[in-house]
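Heads up: the structure comes next, in structure tokens.
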Amino acid sequence: MLAEFDLIRRYLMPSQTPLPADGVALGGGDDAALLVPKAGHQLAVSVDTSVVDVHFPHDAPAFAVGHRSLAVALSDLAAMGADPRWCFMALTLDQRTFANDHAIHAWLEAFAKGFHTLCQRQATTLAGGDVTSGALTIGVTVMGEAPTGHALTRAGATPGDMIAVTGALGGGAGGLALWQRGERDLQHPLLRRYLLPEPRLAAGVALRGLASAAIDISDGLLADLGHLRKASGVGATLDMTSLPLAEALESSLGRDAACNAALSGGDDYELLVTLPAENVASAQRALGKLGLPLTVIGQCSDTLGVKGIAPNLGTGWQHFNEGAP
Ligand SMILES: Nc1ncnc2c1ncn2[C@@H]1O[C@H](COP(=O)(O)OP(=O)(O)OP(=O)(O)O)[C@@H](O)[C@H]1O
Ligand SMILES: Cc1ncc(C[n+]2csc(CCOP(=O)(O)O)c2C)c(N)n1
Ligand SMILES: [Mg+2]
């Protein structure tokens with residue numbers, strides 16, 4: 001068994017000395033962190049919980065669990081066009097599920113590496129957290145900044161705006177389906193999409209001033225488009241033939257399952273944005289510089305609802321539905 005404070009010192013907060021450049025006046029080790037936001041900016045704050053066998057399989061690699069639990073939280077900052085600054089991790093861990101102390105240390109080391117590597121790549125400082133015992137659950141609070149009045153929201157779309165997505169869709173659900181069939185090669189593009197999603201933070205910032213509304217795709221394209229439509233008070237017409245499908249998705253699952261995964265599977269963590277038609281080319285150029293495609297998949301309308309898709313298609317992931325605990 002590893003004691004709570006040893007675990008924190010050894011794996012989670014190895015350095016207690018805050019760096020002024022991180023905007024941390026007082027970091028982990030006290031009752032709360034003291035943070036220094038940039039003048040002229042608003043804070044964007046969001047929390048996401050990742051639960052074993054709900055969000056990731058119990059036998060997922062620890063590195064991926066660490067990466068993923070932060071990535072899905074940062075994805076909400078990407079959707080706001082916010083620059084990430086700080087995060088907080090609430091880790092609940094059942095040490096009795098490990099064979100021995102060596103297995104606990106090995107798991108924590110790889111978990112922390114996955115989390116810290118993404119922190120570093122996305123300039124996010126782990127400024128505090130909490131450790132408790134119980135079923136494996138990682139709650140991650142993220143805090144980012146956007147210049148006052150310039151954050152993207154779900155509410156700015158107007159009829160006539162184009163609807164576009166970053167990257168490719170269906171890879172999250174496709175990867176989960178492959179994992180459930182026993183695929184374990186982490187180099188497989190679909191498994192990577194499910195277990196090691198990349199939050200589109202640079203894209204979110206690049207889309208500030210170009211997009212009229214944005215949301216990240218966690219529950220599925222149709223479900224998240226539904227949230228955006230509702231917040232903006234618009235309808236949508238989609239062109240199914242233009243959906244960018246994830247690499248290897250159609251060949252692994254077949255056409256129908258691939259389209260279902262792209263429309264309703266969730267776990268993609270791409271950005272769904274609306275933008276005036278005249279901004280599409282600039283947005284595609286800006287994202288092209290990041291190596292990320294932006295594909296137009298439809299247009300907003302003033303007739304509420306969605307046209308262009310079969311009405312019987314599932315609407316995406318919902319906790320407390322059948323299938324979820
Ligand atoms: N327990 C809660 N207390 C207060 N507000 C909540 C609570 N749970 C969710 N919300 C709010 O409801 C809204 C929708 O929450 P949800 O977790 O579905 O966010 P999302 O961005 O749509 O999904 P995801 O976190 O997968 O990206 C958010 O604005 C969130 O802050
Ligand atoms: C093992 C396993 N089974 C099922 C799923 C699918 N899933 C779970 S939660 C969710 C929506 C996003 O979560 P939230 O709304 O909580 O942010 C999705 C698509 C998964 N990821 N792992
Ligand atoms: Mg979201």
Side-chain angles (χ1 to χ4, degrees), residues 43-62 64-65 67-82 84 87 90 135-144 151-155 165-166 169-184 190-201 203-204 207 211 213-232 246 249 257 260-273 313-325:
L43 278 180
V45 184
S46 174
V47 64
D48 260 304
T49 309
S50 292
V51 180
V52 65
D53 285 334
V54 175
H55 296 87
F56 59 88
H58 58 271
D59 49 354
V65 177
H67 171 102
R68 195 179 191 284
S69 58
L70 175 61
V72 301
L74 286 174
S75 175
D76 283 312
L77 293 187
M80 300 295 291
C87 65
L136 181 59
T137 303
I138 307 103
V140 178
T141 300
V142 287
M143 305 176 82
L152 299 170
T153 72
R154 300 174 177 187
V165 288
T166 60
L169 300 177
L176 172 59
L178 289 193
W179 181 273
Q180 286 166 341
R181 289 180 200 173
E183 175 64 61
R184 292 294 182 270
L190 293 176
L191 239 48
R192 295 190 76 79
R193 294 299 312 243
Y194 170 49
L195 290 173
L196 298 166
E198 278 302 324
R200 301 307 191 188
L201 287 151
L207 288 164
I215 187 169
D216 66 316
I217 302 178
S218 52
D219 292 340
L221 172 66
L222 291 180
D224 290 310
L225 176 61
H227 298 314
L228 186 150
R229 286 192 295 107
K230 192 167 174 215
S232 292
L249 185 65
N260 248 326
L263 287 170
S264 322
D267 278 336
D268 279 331
Y269 299 101
E270 294 292 355
L271 299 184
L272 169 67
V273 299
L313 282 167
T315 45
W317 177 271
Q318 283 194 36
H319 293 291
F320 312 119
N321 257 4
E322 54 178 296

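Whatever order the structure lists ligands and atoms in, that order sets their numbers, starting from 1.
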### Task
Determine, using heavy atoms of Trp179 and all atoms of ligand 2, whether some pair is separated by less than 4.0 Å.
no

### Query
Do any heavy atoms of Gly316 fall under 4.0 Å from ligand 2?
no

What I want to know is whether [X] and ligand 2 share at least one N or O pair that is separated by under 3.5 angstrom.
X      : result
Asp53  : no
Tyr269 : no
His55  : yes
Asp267 : yes
Val54  : yes

### Task
Please step through side-chain contact (heavy atoms from CB on, under 4.5 Å) for the pair Val72 and Phe56, ending with a clear verdict.
CA-CA 12 Å; Val72 301; Phe56 59 88; over 6 Å; no

### Residues Asp59, Arg184; criterion salt bridge (Lys or Arg N to Asp or Glu O under 4.0 Å); working and verdict
CA-CA 10 Å; Asp59 49 354; Arg184 292 294 182 270; 3.4 Å; yes

Protein residue, atom and distance nearest to [atom], heavy-atom basis:
atom                    : value
atom 24 (P) of ligand 1 : Ser218 OG, 3.4 Å
atom 1 (C) of ligand 2  : Tyr194 OH, 3.6 Å
atom 18 (O) of ligand 1 : Asp219 OD2, 4.8 Å
atom 20 (P) of ligand 1 : Arg154 NH2, 3.4 Å
atom 16 (O) of ligand 2 : His319 NE2, 2.7 Å
atom 27 (O) of ligand 1 : Asp76 OD1, 2.8 Å

Between the main-chain N or O of [Y] and the side-chain N or O of [X], is there a donor-acceptor pair closer than 3.5 Å?
X      : Y      : value
Ser69  : Val65  : yes
Asp76  : Ser46  : no
Asp268 : Ser218 : no
Thr137 : Ala135 : yes
Asp53  : His58  : yes
Ser50  : His55  : no

### Query
Between Arg193 and Asp267, does at least one N-O distance fall below 4.0 Å, as a salt bridge requires?
no

### Message
Strictly below 4.0 Å, N to O, side chains only: are Glu198 and Arg192 in salt-bridge contact?
### Response
no

From [atom], is the closest protein heavy-atom distance below 4.0 Å?
atom                    : answer
atom 5 (N) of ligand 1  : no
atom 22 (O) of ligand 1 : yes
atom 15 (O) of ligand 1 : no

### Task
Considering the heavy atoms of Asp48, write down every atom of ligand 1 situated less than 4.0 Å from one of them.
24 (P), 25 (O)

### Query
the Mg ion (ligand 3) as vertex, arms to OD1 of Asp216 and OD1 of Asp76: angle to 10°?
90°

[X] heavy atoms, cut-off 4.0 Å: which ligand 2 atoms fall inside?
X      : answer
Gly265 : 19 (C)
Ser218 : 11 (C), 12 (C), 19 (C)
Asp48  : 17 (O)
Asp219 : 11 (C), 12 (C), 15 (O)

### Message
Please evaluate residues Tyr269 and Leu74 with respect to the criterion side-chain contact (heavy atoms from CB on, under 4.5 Å), reporting the C-alpha separation (whole Å), side-chain torsions for both, the decisive distance (0.1 Å), and the verdict.
### Response
CA-CA 10 Å; Tyr269 299 101; Leu74 286 174; over 6 Å; no

### Query
Once you round to the nearest 0.5 Å, how far does CG of Asp224 lie from CD of Glu270?
12.0 Å

## Note on the structure
So CZ of Arg200 and CG of Leu272: to nearest 0.5 Å the spacing works out to 14.0 Å

### Task
Please work out whether any backbone atom (N, CA, C, O) or any side-chain heavy atom from C-beta onward of Val72 is under 4.0 Å from ligand 2, and answer side chain, backbone, both or neither.
neither

### Query
If you measure from each non-hydrogen atom of Asp216 to ligand 1, which part falls under 4.0 Å: side chain, backbone, both or neither?
side chain

### Message
Do Glu183 and Leu191 have side chains that approach each other closer than 4.5 Å (heavy atoms only, starting at C-beta)?
### Response
yes

